[in-house]
Amino acid sequence: MAGRHTIILMQPSQNRGSRTFMDYNSVNHALDGICGLYERKIRDINPMVPNITYDITDLYNFIDGLADISALVYDHSIQAFLPYDRQWIKQKLFQHLKKLAQR
């Protein structure tokens, strides 16, 4: 999934005006971006904590707490974006973080 243009579509709250998107050069960069969003949220809630830690369950709860999230991943073979849902994002995050932990 490296090098596949990825767009994350997100709606943090029930307010339709909260809809936004994030654009990345690869699926892995998009996954890092989602982790970064969660880490910023933790820092905003706990500004005095110098080092933040969390596990996959915390990240899943963050994702499940969003009104909506999905991914559009470019497929070069059909020259189009393919849509993926919340569950796919959570599965890819688990695989991505597992790989990072094994390094």
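Atoms considered below: every heavy atom in the structure, side chains included; atoms not considered: hydrogens, waters and symmetry mates.
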* Asked: Without hydrogens or angle criteria, can the side chains of D75 and S77 be said to hold a donor-acceptor pair below 3.5 Å?
  ->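 The criterion, which ignores hydrogens and geometry beyond distance, is satisfied for S77 and D75.
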* Establish, from distance only, whether the side-chain atoms of Y54 and E39 form a donor-acceptor pair under 3.5 Å. =>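 Judged by distance alone, the side chains do pair up.
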Which value, rounded to the nearest 0.5 Å, describes the distance between [X] atom [atom1] and [Y] atom [atom2]?
| X | Y | atom1 | atom2 | value |
| --- | --- | --- | --- | --- |
| I42 | D58 | CD1 | CG | 6.5 Å |
| I7 | F21 | CD1 | CZ | 7.0 Å |
| M22 | T20 | CE | OG1 | 7.0 Å |
| K92 | I34 | NZ | CD1 | 12.5 Å |
| K41 | N46 | NZ | CG | 11.0 Å |
| H29 | I8 | NE2 | CD1 | 13.0 Å |

* Taking the six-membered ring for Trp, are W88 and Y84 parallel (under 30°), tilted (30 to 60°) or perpendicular (over 60°)? -> parallel
* Please work out which of the three classes, parallel, tilted or perpendicular, describes the rings of H5 and F81, given edges at 30° and 60°. =>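 Answer is perpendicular, since the angle exceeds 60°.
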Measure across [X] and [Y] and return the closest heavy-atom pair with its distance rounded to 0.1 Å.
| X | Y | result |
| --- | --- | --- |
| T6 | S26 | OG1-C, 3.5 Å |
| S18 | Q11 | OG-CG, 3.5 Å |
| L93 | C35 | CD2-SG, 3.7 Å |
| L82 | I78 | CD2-CD1, 3.6 Å |

Is the shortest side-chain heavy-atom distance between [X] and [Y] below 4.5 Å?
| X | Y | result |
| --- | --- | --- |
| Q87 | Q91 | no |
| P83 | L72 | yes |
| I89 | I69 | yes |
| V49 | R43 | no |
| K90 | I56 | no |
| Y24 | D32 | no |

* Flag the pair H76 / Y74 as yes when their ring centroid distance falls below 6.0 Å, and as no otherwise. => yes
* Find out if a path of hydrophobic residues (ILVMFWY) with successive side-chain heavy-atom gaps under 4.5 Å connects Y38 to F94. => yes
* Asked: When hydrophobic residues are tied together by side-chain contacts of less than 4.5 Å, even through go-betweens, does L9 share a cluster with L31?
  ->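 Different hydrophobic clusters.
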* Flag, side chain of R19 to backbone of M10, donor-acceptor distance under 3.5 Å ->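 Not at all, since once roles are kept as given, no pair shorter than 3.5 Å links the two residues.
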* **Y60: partners by ring pair (Phe, Tyr, Trp, His ring centres under 6.0 Å), with sequence neighbours left out** => none
